[in-house]
Amino acid sequence: MSSTTSLLSSFVVSDNLIQYSSGLIPISYTELNLKQTLLGGQSFRWNEQSPNEFIGVLKSYIIYLQHENENLHYTFYTNKSRSIDSNENDRQNETSRIIHNYFQLSIKLHDLFQQWCKSDVRFQNGLIPTGIRVLDQDPLENLISFICSSNNNVQRITKMVKQLCIEYGKEIGTINGIVYHQFPTIDELDKSNLETRLRELNFGYRARYIQQAIKYLKYTINDITFFDRLKSLSVKEARTELLKIMGVGRKVADCVLLMSLGKQDVVPVDTHIHSIAVTHYGQSKKLQLNTTNYNAISTFFEQLWQPFAGWAQAAAFSNELRSITTYKSIIQSTSLKRSISSYETHSQCKLVKREKKTFIN
DNA sequence: CCCTTACCTAGGCT
DNA sequence: AAGCCTAGGTAAG
């Protein structure tokens, strides 16, 4: 074990780790709120060290982040056994690119907020916090994590994802007594007893979904470029493909589209967004979330918040999590019914179900 | 198309 | 203290 001192904390780093590269990106707190972005329910892989310090895993790196004085500092650690590029300049370029891509820093929240203010008084009135970014995450990790999210809470999802990484992912190293693992690959998850083991780990009925999803990706899809191909499809086409995966319904599909496939306008509708629609945008309380209502709410927000409606959703969602109905709502006269448009045909839904049904093992 | 129901579990609440 | 409820849903009927 060796000790390193960062700006705020001292680290105890295991001997099998090396500091790979580090850097700094100037960015204001209105462009990046690290806590709300990393712990707001998009990713389940970050540990908070202090209010401005986080440690998590991206690819084969353990990454330490600190946001201080309008600068985002990052330090990458990796396992010594990994073949390391000896060129320091290359390493700096690589790590800088990873951070830029993960936080999608070419997208300026300030500009988006100005757009959203034009059409939504809740943004105008400062009721929605700034600094919340949509992360560009690994599709497989995102998919499996959100399969776990059904009927579940963030704390337990985090625990489950962690268990999955410990059980099946490659170990990277230890920092401050916490062991960090890579997210497992499809091949690493392709075990005959996956479901059994996940049930032992208290995944409940999601264990079967994950087993089925992995088998489907490995043996039916059998294409390592699957997720990349989806990126080049339209939202509707890509969603149809995702819905064929066991355990993936509309909400999980939309999360993957938004957070892993670059579909920035997709608005996943969960119970919170549903509740926001009811509380702040005049949706009827009695409406439950069936396909038609999901479409209505999703389409309504996509039109209200364009462009990058998914980003507005992330901000609005975050607000809902913290406020927990602390203030009375202002019911807008805007009607959701006006924006009803069904873009999922009946035949497509039936096809999806048949495909899922016939997939055995 | 719309509506129900079952599904796992942990933690908070009563 | 044991039972109820809910947490970023989905599949099956």
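In the text below, chain A, chain B and the rest are named by the order of the sequence lines, each starting its count at 1.
Spacing of C1' atoms, B/dA10 relative to C/dA11, comes out at 23 Å, to the nearest Å. Taking atom C1' on both nucleotides, C/dT6 is separated from B/dA6 by 16 Å, rounded to a whole Å. Nucleotides C/dA1 and B/dG11 have their C1' atoms positioned 16 Å apart, rounded to a whole Å. B/dT5 and C/dC5 have their P atoms separated by 14 Å, given to the nearest Å. When the C1' atom is compared between B/dC2 and C/dG13, the two are found 13 Å apart, to the nearest whole Å.
A salt bridge is defined here as a Lys NZ or Arg NE, NH1 or NH2 lying under 4.0 Å from an Asp or Glu carboxylate O, and A/Glu141 with A/Arg45 meets this definition. A salt bridge links A/Arg197 to A/Glu167: one of the charged nitrogens lies within less than 4.0 Å of a carboxylate oxygen.
Atom CE of A/Met160 is separated from atom P of C/dA7 by 17 Å (rounded to the nearest Å). A/Asn293 places its CG atom 15 Å from the C1' atom of C/dG9, with the value rounded to the nearest Å. Here B/dT4 presents its C1' atom at 15 Å from CG of A/Leu289, a figure rounded to the nearest Å. Distance CD (A/Glu195) to P (B/dC7): 14 Å, rounded to an integer number of Å. Whole-Å rounding puts the A/Gln155 CD to B/dA10 P distance at 11 Å. The distance from atom CZ of A/Phe44 to atom C1' of C/dA7 is 12 Å, rounded to the nearest whole Å. Summarising the geometry, the separation between CZ on A/Arg250 and P on C/dA11 is reported as 13 Å, rounded to the nearest angstrom. We find that CD1 of A/Ile210 is positioned 14 Å from C1' of B/dC7, with the value rounded to whole Å.
Among the protein residues, A/Arg206 comes within range of the nucleic acid bases, having at least one heavy atom under 4.0 Å from a base atom. If you check every strand for non-hydrogen atoms under 4.0 Å, A/Asn151 touches a base. Within the 4.0 angstrom heavy-atom criterion, only backbone atoms of the sugar-phosphate kind lie near A/Val252; the bases stay farther away.
With 3.5 Å as the limit, one finds a donor-acceptor pair spanning the side chains of A/Ser50 and A/Glu53.
Base pairing analysis places C/dG13 opposite B/dC3; the two distances defining the Watson-Crick or G-U wobble pair are each below 3.5 Å. Under the Watson-Crick and G-U wobble criteria, each requiring two contacts below 3.5 Å, nucleotide B/dA10 is paired to C/dT6.
Rounded to the nearest 0.5 Å, atoms CG (A/Leu261) and CD (A/Gln264) are 10.5 Å apart.
Residue-to-nucleotide contacts include no donor-acceptor pair under 3.5 Å from the side chain of A/Lys251 to the base of C/dG9. Taking 3.5 Å as the limit, the base of C/dG9 and the side chain of A/Tyr205 contain a donor-acceptor pair of atoms between them. If you check distances only, the side chain of A/Arg208 never reaches the base of B/dC8 with a donor-acceptor pair under 3.5 Å.
Between A/Tyr209 and A/Asn153, the residue anchored nearer the 5' end of DNA chain B, judged by the nucleotide with its closest heavy atom, is A/Tyr209.
Looking at A/Lys162 and A/Thr158, their side chains never come closer than 4.5 Å, going by heavy atoms from C-beta outward.
Cation-pi geometry between A/Arg91 and A/Tyr20 is satisfied (NZ or CZ under 6.0 Å from the ring centre, within 45° of the ring normal).
For B/dC2, the OP1/OP2 oxygens have a side-chain nitrogen or oxygen of A/Thr292 closer than 4.0 Å. Contact check, A/Arg199 against B/dC8: a side-chain N or O comes under 4.0 Å of OP1 or OP2. Contact annotation: A/Asn290 side-chain N/O to B/dC3 OP1/OP2 distance is under 4.0 Å.
For A/Met246, whose side chain is taken as the heavy atoms from C-beta onward, the closest listed nucleotide among C/dA11, C/dG8, B/dA10 is C/dA11.
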